[in-house]
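Sequential numbering from 1 along the given sequence is applied to the chain's residues.
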Amino acid sequence: MRILLVWDYDRGDLTVPITLALEKAEIVFLNKYNKVEDKNSYPHKRYYWNDFSSPYQVIKEIGPDRIVFMDVESFHQVALNIAALNSGIETYMLSHGVKAPYSSYTQHQMRQDKDSAKKNESKGSPGSLASSFRTLKFYFNAFQLQNIFSIYKFFRFIYTRSKLGVNDGLFNCQFALRRPSWYIDFTPFNSRFTMERDNPSPDQYIYTGNIYFDKYFKYINQLDMKQASEEEDYYLLIDSGFVEDRMSLMEIKTVLEFYQKLNSFCKTKKAKLKIKLHPHSYQASYLPDDPNISYLKDVNVIKEILGCVGCFHSHFSTLTPLAMYYKPSILFNAFPVFNVDIINLDLLPVSNFYSFEPEEIRFREMDEKEKKILLDHYLFSTDGKSGERLANVLIK
């Protein structure tokens, strides 16, 4: 079984759990447009878009039995999905994070004006129409006579994707050929984003739980809960990489003020502040040098969560439900449209990211009924077997 992962393999946190779950299959990657010096050492062959003139050449030379996409949104990705469907190859879109409703993304206002934001969204994207004639040719080569009834939307997609950007472009040109055969998601609740954006049939969804949490649940299930931490008290911030994230474009001084207020609270409690950085922030040079603050990168996150007094969250991210399930938490609401779900569920205290005062911080631990709600909405199961369920779907 050969599985082609159209996947950002530079994100080891999003890649290693998949390759481990699919270890009985032959995995190959297709993600970047040109060969560059890779930072990782995966033992898997990598291919590059610009080595192929058509999606059918991809299929012929790689010979995948199945294709798994991180998303199907660029011209190259849509073209490969069409070619695979025409060739009788099943395609899958595998969820890789917690998603807000589709409306949250349409409502979110970037700091630039609307026109500039749309230009920047597609600017420099190798999969956009403007990038090169080669991209357009690659996309056109996907079309065959058997697709004649989709010809209007096939051409309309060029306009919507180029002019409206990613999500609006996809939402405004929904057609079967650009949808994968199957959507694999954590939970039905988490799948609302693709349901609204892509409008597939509910029968196209498969739910496995969060594969990225398997290692954490396995750690917990094997843990001697009587084992006491020898560390001094600390609070943990699950950070969001706001400075580096193009969706937020937050100023550095705003993030530093946030850190400082959290640190002030920790000092009043005679506790340290640990900040689990988002991978996008691993190389950040603006992080304050304070003896009471330590920065975490590639660590056992669940161990840090279990050892803390309480968890700060600057955004409802993938790790937030995990932390909430085990520790008292508080959310600092920086972008309300993205946090509407968790606010409506009323499972943790919420403060204003920009205007809270350290003395106002209050934590809350969920009861068993609330944990059940969190489990149903975001976690699916705590058995640590999401990878097994994924393998059962993809390797037959």
Side-chain angles (χ1 to χ4, degrees), residues 8 10-14 39 70-71 96-100 104-125 165-167 212 234-266 272-299 301 304-305 308 311-320 322-323 329-340 342 350-358 361:
D8 182 6
D10 280 341
R11 285 288 302 273
D13 57 319
L14 300 181
K39 301 175 183 178
M70 180 176 269
D71 208 334
H96 56 278
V98 170
K99 283 287 190 181
S104 295
Y105 296 86
T106 61
Q107 294 172 29
H108 182 59
Q109 296 297 312
M110 299 179 70
R111 295 184 185 276
Q112 294 111 338
D113 64 87
K114 187 175 181 180
D115 290 337
S116 295
K118 286 182 177 178
K119 289 178 182 178
N120 288 339
E121 187 167 2
S122 60
K123 184 178 179 181
S125 170
V166 177
N167 287 320
Y212 308 108
Y234 66 89
Y235 291 84
L236 180 67
L237 167 64
I238 306 294
D239 210 11
S240 302
F242 283 142
V243 172
E244 296 79 12
D245 179 15
R246 63 183 177 85
M247 288 292 290
S248 61
L249 300 179
M250 189 175 287
E251 294 182 5
I252 291 175
K253 66 177 183 179
T254 304
V255 173
L256 297 185
E257 288 171 2
F258 175 65
Y259 289 167
Q260 197 280 324
K261 287 195 280 187
L262 294 186
N263 196 30
S264 294
F265 169 83
C266 292
K272 298 286 187 179
L273 171 62
K274 288 188 177 184
I275 299 177
K276 169 57 183 77
L277 296 171
H278 190 280
H280 289 159
S281 304
Y282 281 1
Q283 306 304 318
S285 59
Y286 56 81
L287 303 174
D289 184 9
D290 187 299
N292 201 58
I293 303 176
S294 58
Y295 302 97
L296 311 178
K297 296 181 181 179
D298 297 316
V299 296
V301 176
E304 300 296 337
I305 289 172
C308 75
C311 265
F312 302 121
H313 305 275
S314 56
H315 178 61
F316 192 75
S317 65
T318 303
L319 283 172
T320 305
L322 180 71
S329 295
I330 182 172
L331 172 67
F332 295 94
N333 196 7
F335 300 100
V337 294
F338 286 121
N339 298 318
V340 62
I342 196 62
V350 180
S351 290
N352 189 294
F353 179 93
Y354 306 96
S355 62
F356 79 95
E357 295 298 331
I361 295 176

Query raised in the report: Taking C-beta and beyond as the side chain, do L262 and I275 meet within less than 4.5 Å on heavy atoms?
Result: no

**Report entry** L14 side chain reached by Y212 side chain, heavy atoms, under 4.5 Å
**Finding:** yes

**Report entry** Min side-chain heavy-atom separation T320-L331 under 4.5 Å
**Finding:** no

**Report entry** Reference residue F242; test ring pair (Phe, Tyr, Trp, His ring centres under 6.0 Å); the match among F258, F332, F335
**Finding:** F335

Requested in this report: Verify, without hydrogens or angle tests, whether Y354 (side chain) and A334 (backbone) share a donor-acceptor contact under 3.5 angstrom.
Outcome: yes

Report task. State the CG-CG distance between L237 and L296, to the nearest 0.5 angstrom. Result -> 10.0 Å

Query raised in the report: Do the side chain of Y295 and the main chain of L277 share a donor and acceptor less than 3.5 angstrom apart?
Result: no

Query raised in the report: With no hydrogens and no angle check, do the side chains of S240 and S314 hold a donor and an acceptor under 3.5 Å apart?
Result: yes

Query - Closest contact, heavy atoms only, T318 versus H96 - result: OG1-O, 4.5 Å

Query raised in the report: Which value, rounded to the nearest 0.5 Å, describes the distance between E257 atom CD and F353 atom CZ?
Result: 9.0 Å

Requested in this report: Return the minimal non-hydrogen interatomic distance between S355 and K261, and the atom names on each side.
Outcome: C-NZ, 4.0 Å

Query raised in the report: What's the verdict on side chain to side chain contact (heavy atoms under 4.5 Å, CB included) for L319 and V301, showing C-alpha distance, side-chain angles and the deciding distance?
Result: CA-CA 9 Å; L319 283 172; V301 176; 4.0 Å; yes

Report task. Report the distance from atom CZ of F265 to atom OH of Y235, rounding to the nearest 0.5 Å. Result -> 4.0 Å

Query raised in the report: Can you name the nearest heavy-atom pair linking K272 to N292, along with the distance?
Result: CD-OD1, 3.2 Å

**Report entry** Residue pair S351 / I330, side-chain heavy-atom distance below 4.5 Å
**Finding:** yes

Query raised in the report: Between D239 and Y259, do the side chains contain an N or O donor and an N or O acceptor separated by less than 3.5 Å?
Result: yes

Query raised in the report: Between atom NE2 of H278 and atom NE2 of H315, what is the distance when rounded to the nearest 0.5 Å?
Result: 8.5 Å

Report summary line: Heavy-atom nearest pair, G241 first then S281, reads CA-OG, 3.2 Å

Query raised in the report: Any idea which heavy atoms bring H280 and E244 closest together, and the distance?
Result: O-CG, 3.3 Å

Query raised in the report: What is the distance from atom SG of C308 to atom CD1 of I238, rounded to the nearest 0.5 Å?
Result: 8.0 Å

Report task. For residues S317 and V98, report the shortest heavy-atom separation together with the two atoms involved. Result -> O-CG2, 4.1 Å

Requested in this report: Identify whether the distance between the nearest side-chain nitrogen and carboxylate oxygen of K276 and E304 falls below 4.0 Å.
Outcome: no

Query raised in the report: Does a side-chain heavy-atom distance below 4.5 Å link L273 with D290?
Result: no

Requested in this report: Please round to the nearest 0.5 Å and tell me the distance separating atom OG of S285 and atom CD1 of I252.
Outcome: 6.5 Å

Query - pair Q260-P288: side-chain heavy atoms closer than 4.5 Å - result: no

